[in-house]
Amino acid sequence: MPKYVLALDQGTTSSRAILFDRSQNITGVEQREFLQVYPREGWVEHDPMEIYSSQYAVMMELLAKRDISPADIAAIGITNQRETTVVWDKKTGRPVYNAIVWQCRRTSGIVDGLVKKQGMADHIKKTTGLVPDAYFSGTKIKWILDHVSGARERAGKGELLFGTVDTWLMWKLSDGAIHATDYTNASRTMMFDIHALDWDDTLLQALGIPRKMLPAVYPSGHRYGFASIQGTKIPIAAAAGDQQAALFGQCCFNKGEAKNTYGTGCFLLMNTGSEPCESRNGLITTIAAGLDSAVQYALEGSVFVAGAVIQWLRDEMRLFPESADSEYYASKLSDTGGVYMVPAFTGLGAPYWDMYARGCIVGITRGTKRSHIIRAAQESIAYQSMDLVRAMEKDTGTKISELKVDGGASKNNFLMQFQADITGAVMRRPVIRETTAMGAAFLAGITSGFWQGPDEVRDKWQCGTVFAPDMDGERRTELIAGWHKAVGRSRDWAAL
């Protein structure tokens, strides 16, 4: 009898493989970083072959190190960086161009054309639940078809395929037998009707994208097919975009339950049940990860730069050698000395949606020290998340009194306490913080029968640490006002 579920967690900066046993314990983890490609200012790419090779390598290394046979794996669940776009040759399996990453801003002009010339803004919002932005996949596909020699003609002949990273991995793992995605990833392409659960022909025509290059779309928990691992066929029983997977991994199965993930970016999602909630405050409507039963929706706020600002201070500014050191420096001070950092390196996401915003540090004086800037960077993550919380409260008419938190930066106790203070909400950090991979494992395990259903996995979820707000309301108001003033300085900068 199979003993494990395998989660493949393909992220923006690394690929990971994680094994879960029947008691939901992590029995093994392997991780490998891969190259980030920056061809021009504001452009971000990955090598699709390196995405796959790094993911396959950590999977095989995990099994080999723990002497686990592929026959011991009940099912594979895939979770992935969303919106990142891969186009490849259907026969050879070779990408025609590098993967264009979700952070990339090169298609801002295409988005402007859709909105200003074609008047598509209302149609995009009503059909896809999204705000027109270069963040999403559709304009990235158009860019590839427009700029790679012969690509548009080949796509029209059915010779090229498109996929988000989940689709690419499933296609490779199945030796080309699976060309599919799930509702969560499809809902991030800016081409998918989240109400009809189908690709939208009006948007495909506006972007010049042939339907024949698009994958089939299924629920997140679904028997997609089989991966061939050392001659053993293992069911691929789940696929979900990373943030929806984390929502499922945090057991937010019911309407009104919310989580915030602190990774490269920061993503706040609330389960809104069977009915989509249209945002009037800069959030987006998306599909939540689910099983073959009725579709559930989610309200989402996306911060483009969260943990990435700490990496920037470490790698580019060389302010400390290890990311974990940032918490030490921030904790040495009682405040930032009036310094604010707005890390709008690739524009601002929700609730501003400003493709032309750029990063800034304001409030610097002769007395500003390295520690002030490091603390301001960490506080910026909490401020951006606070903006999402306030927007979500306005949209739903519900006060968010607590949040489940996860992701790499949630390990930072200073950040979690400041987040509680600046939002006035309780932060609940689980014992197992690998909730993105856990969500993919839950979906695959339930679909394959390894676990019986959502109630079984929810019963074993455990809260590890609680951070309660401990800041005077007047001080909170003062700090938030300063943050919004700093955001104003960063807006529309690149359009000058």
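This chain uses plain numbering: 1 for the first residue, then up along the sequence.
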*Asks:* Is the centre of the Phe253 ring less than 6.0 Å from the centre of the Phe248 ring?
*Replies:*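 Centroid distance Phe253-Phe248: below 6.0 Å, so yes.
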*Asks:* Less than 4.5 Å apart, side chain to side chain, heavy atoms only: is that true for Thr12 and Gln103?
*Replies:*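 Contact flag for Thr12/Gln103 side chains = yes.
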*Asks:* Could you tell me which residues satisfy side chain to side chain donor-acceptor pair (under 3.5 Å) with Gln417, sequence neighbours excluded, listed by chain and number?
*Replies:*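 Counting only residues at least two positions away or on another chain, Gln417 forms a side chain to side chain donor-acceptor pair (under 3.5 Å) with Asp421.
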*Asks:* Decide yes or no on side chain to side chain contact (heavy atoms under 4.5 Å, CB included) for Gln419 and Glu379, but give the supporting numbers first.
*Replies:* CA-CA 8 Å; Gln419 185 71 84; Glu379 289 189 359; over 6 Å; no
*Asks:* Within the structure provided, determine whether Tyr297 and Ile194 are in side-chain contact (heavy-atom separation under 4.5 Å).
*Replies:*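 Contact flag for Tyr297/Ile194 side chains = yes.
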*Asks:* List in chain and number order the residues that pass side-chain contact (heavy atoms from CB on, under 4.5 Å) with Ala155, two or more places apart in sequence or in another chain; answer none if no residue qualifies.
*Replies:* Leu145, Leu160, Pro210, Met213
*Asks:* Whether the Lys172 and Ser174 side chains hold a donor-acceptor pair (N or O, under 3.5 Å, no angle test) is what I'd like checked.
*Replies:* no
*Asks:* Would the distance check show the side chain of His46 and the main-chain N or O of Ile100 forming a donor-acceptor pair, the cut-off being under 3.5 Å?
*Replies:*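 No, His46 side chain to Ile100 backbone: no donor-acceptor pair under 3.5 Å.
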*Asks:* Ring centres of Trp143 and Tyr97 under 6.0 Å apart?
*Replies:*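 Close enough - the centres of the two rings lie under 6.0 Å apart.
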*Asks:* Looking only at heavy atoms, which two atoms of Leu283 and Gly301 are closest? And how far apart?
*Replies:* CD2-CA, 3.7 Å
*Asks:* How long is the span from the CG atom in Asp200 to the OG1 atom in Thr128, to the nearest 0.5 Å?
*Replies:* 8.5 Å
*Asks:* How close do Ala444 and Val5 get, counting heavy atoms only, and between which atoms?
*Replies:* CB-CG1, 4.1 Å
*Asks:* Verify side chain to side chain contact (heavy atoms under 4.5 Å, CB included) between Gln230 and Leu63, making sure each step is shown before the conclusion.
*Replies:* CA-CA 11 Å; Gln230 294 181 327; Leu63 299 181; 5.5 Å; no
*Asks:* In sequence, state the C-alpha distance, the side-chain angles, and the governing distance for Phe345 and Trp312, and then conclude on ring-ring contact (aromatic ring centres under 6.0 Å, His included).
*Replies:* CA-CA 10 Å; Phe345 301 157; Trp312 177 73; 5.1 Å; yes
*Asks:* What's the separation between atom CD1 in Ile144 and atom OG in Ser137, rounded to the nearest 0.5 Å?
*Replies:* 10.0 Å
*Asks:* Start with the C-alpha gap between Asp455 and Lys460, add the side-chain angles, then the distance that decides, and say whether salt bridge (charged side-chain N to carboxylate O under 4.0 Å, His left out) holds.
*Replies:* CA-CA 9 Å; Asp455 289 342; Lys460 295 177 181 176; over 6 Å; no
*Asks:* Is it the case that the side chains of Thr79 and Asp9 hold a donor-acceptor pair, with the cut-off being a distance below 3.5 Å and no angle test?
*Replies:* no
*Asks:* So, are Arg16 and Glu33 salt-bridged, with charged N and O less than 4.0 Å apart?
*Replies:*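 No, Arg16 and Glu33 are not salt-bridged.
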*Asks:* Would you say Trp199's side chain and Asp193's backbone share a donor-acceptor pair under 3.5 angstrom?
*Replies:* no
*Asks:* What do the steps show when you test Arg375 against Tyr329 for side-chain hydrogen bond (donor to acceptor under 3.5 Å, both in side chains), and what is the final call?
*Replies:* CA-CA 7 Å; Arg375 177 166 175 143; Tyr329 284 107; over 6 Å; no
*Asks:* Between Trp461 and Gln250, do the side chains contain a donor N or O and an acceptor N or O under 3.5 Å apart?
*Replies:* yes
*Asks:* Quick test of your reading of the model: are Arg82 and Asp242 salt-bridged, counting only N-O distances below 4.0 Å?
*Replies:*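 Salt bridge between Arg82 and Asp242, a charged N being under 4.0 Å from a carboxylate O: yes.
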*Asks:* Please evaluate residues Ser53 and Gln55 with respect to the criterion side-chain hydrogen bond (donor to acceptor under 3.5 Å, both in side chains), reporting the C-alpha separation (whole Å), side-chain torsions for both, the decisive distance (0.1 Å), and the verdict.
*Replies:* CA-CA 5 Å; Ser53 64; Gln55 188 65 75; over 6 Å; no
*Asks:* Of the non-hydrogen atoms in Tyr183 and Val217, which two are nearest, and what is the gap between them?
*Replies:*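 That would be CD2-CG1, 3.4 Å.
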*Asks:* For residues Phe442 and Phe450, establish whether the separation of their ring centroids is below 6.0 Å.
*Replies:*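 Ring-ring flag for Phe442/Phe450: false, centres at least 6.0 Å apart.
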*Asks:* Between Asp72 and Arg66, does any side-chain N to carboxylate O distance fall below 4.0 Å?
*Replies:*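 Salt bridge absent between Asp72 and Arg66.
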*Asks:* Has the side chain of Trp451 got a donor or acceptor atom that lies under 3.5 Å from a matching backbone atom of Arg22?
*Replies:*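 The answer is yes, because a donor-acceptor pair under 3.5 Å joins these two groups.
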*Asks:* Any chance the side chains of Ser380 and Gln378 put a donor and an acceptor closer than 3.5 Å?
*Replies:*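 No, Gln378 and Ser380 have no side-chain donor paired with an acceptor closer than 3.5 Å.
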*Asks:* Do Thr107 and Thr139 pair up side chain to side chain, a donor and an acceptor below 3.5 Å, judged on atom types alone?
*Replies:* yes
*Asks:* Going by distance alone, is a donor N or O of one side chain under 3.5 Å from an acceptor N or O of the other, for Lys259 and Gln243?
*Replies:*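 Distance-only check passes for Lys259 and Gln243.
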*Asks:* Would you say the rings of Tyr262 and Phe267 are close, in the sense that their centroids are separated by under 6.0 Å?
*Replies:*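 When the ring centroids of Phe267 and Tyr262 are compared, they turn out to be at least 6.0 Å apart.
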*Asks:* Quick one: do Glu61 and Arg32 make a salt bridge, cutoff under 4.0 Å?
*Replies:* yes
*Asks:* Does this structure show an ion pair linking Glu322 with Arg314, if we count only N-O contacts that are shorter than 4.0 Å?
*Replies:* no
*Asks:* Using a 4.5 Å cut-off on heavy atoms from C-beta on, say whether the side chain of Lys233 contacts that of Ser228.
*Replies:*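 Ser228 vs Lys233: side chains touch.
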*Asks:* To the nearest 0.5 Å, how far apart are CZ in Arg429 and OG in Ser410?
*Replies:*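 Between Arg429 CZ and Ser410 OG, I get 6.0 Å after rounding to 0.5 Å.
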*Asks:* Using the ring of each side chain (for Trp, its six-membered ring), is His222 parallel, tilted or perpendicular to Tyr218, with breaks at 30° and 60°?
*Replies:*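 The rings of His222 and Tyr218 lie parallel, inter-plane angle below 30°.
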*Asks:* With rounding to the nearest 0.5 Å, note down the distance linking CE in Met427 to OG in Ser385.
*Replies:* 8.5 Å
*Asks:* Side chains of Glu83 and Thr164: is there a donor and an acceptor less than 3.5 Å apart?
*Replies:*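 There is no such pair (donor and acceptor under 3.5 Å, judged by atom type) between the side chains of Glu83 and Thr164.
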*Asks:* Taking all non-hydrogen atoms of both residues into account, name the closest pair between Leu247 and Ala288 and its distance.
*Replies:*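 Smallest heavy-atom distance, with atoms named: CD2-CB, 4.2 Å.
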*Asks:* Within the structure provided, determine whether Pro219 and Val295 are in side-chain contact (heavy-atom separation under 4.5 Å).
*Replies:* no
*Asks:* Return yes if a side-chain donor-acceptor contact under 3.5 Å exists between Asn80 and Asn185, otherwise no.
*Replies:*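 Side chains of Asn80 and Asn185: pair found under 3.5 Å.
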*Asks:* Flag the pair Thr261 / Cys266 as yes when at least one side-chain heavy-atom distance between them is below 4.5 Å, and no otherwise.
*Replies:*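 No; the side chains remain at least 4.5 Å from each other.
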*Asks:* Any heavy-atom pair between the side chains of Arg370 and Met317 that's under 4.5 Å?
*Replies:*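 Not in contact.
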*Asks:* For the CG atom on Asn25, are there more than 12 heavy atoms of other groups (residues, nucleotides or ligands in this structure) within a distance under 6.0 Å?
*Replies:* yes
*Asks:* Measure the spacing between OG1 of Thr286 and CG of Leu269 and express it to the nearest 0.5 Å.
*Replies:*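 With rounding to 0.5 Å, OG1 (Thr286) is 7.0 Å from CG (Leu269).
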*Asks:* Under 3.5 Å, side chain of Glu402 to main-chain N/O of Arg428, donor-acceptor pair present?
*Replies:*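 The answer is no, because no donor-acceptor pair under 3.5 Å joins these two groups.
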*Asks:* Which atoms form the tightest heavy-atom contact between Ile446 and Pro454, and what is the distance?
*Replies:*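 Looking at all heavy atoms of both residues, the shortest contact is CD1-N, 3.7 Å.
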*Asks:* Checking Gln31 against Ser14: is there a side-chain donor and acceptor pair closer than 3.5 Å?
*Replies:*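 Judged by distance alone, the side chains do pair up.
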*Asks:* Rounded to the nearest 0.5 Å, how far apart are CD of Gln10 and CG of Asp166?
*Replies:*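 The CD atom of Gln10 sits 10.0 Å away from the CG atom of Asp166.
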*Asks:* With a cut-off of 6.0 Å (strictly less than), are more than 12 heavy atoms of other residues, nucleotides or ligands near CD of Glu316?
*Replies:* yes
*Asks:* Look at the rings of Phe136 and Trp353 and say which category their plane angle falls in: under 30° parallel, 30 to 60° tilted, over 60° perpendicular.
*Replies:*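 Tilted, since the angle between the ring planes falls between 30° and 60°.
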*Asks:* Look at Lys140 together with Glu45 and state whether they make a salt bridge at an N to O cut-off of under 4.0 Å.
*Replies:*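 No, Lys140 and Glu45 are not salt-bridged.
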*Asks:* On a heavy-atom basis, which atom in Ala75 and which in Ala237 lie closest, and how many Å separate them?
*Replies:*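 For Ala75 versus Ala237, the nearest heavy atoms are CB-CB, 3.9 Å.
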*Asks:* Whether the side chain of Thr232 engages the backbone of Ala71 through a donor-acceptor N/O pair (distance < 3.5 Å, no angle test) should be reported.
*Replies:*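 Checked: no pair found.
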*Asks:* Between Thr84 and Gln81, is any side-chain donor less than 3.5 angstrom from a side-chain acceptor?
*Replies:*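 Yes, side-chain donor-acceptor contact under 3.5 Å.
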*Asks:* So, does Glu327 use its side chain to make a donor-acceptor pair with the main chain of Asn413 at under 3.5 Å?
*Replies:*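 Yes, Glu327 side chain to Asn413 backbone: donor-acceptor pair under 3.5 Å.
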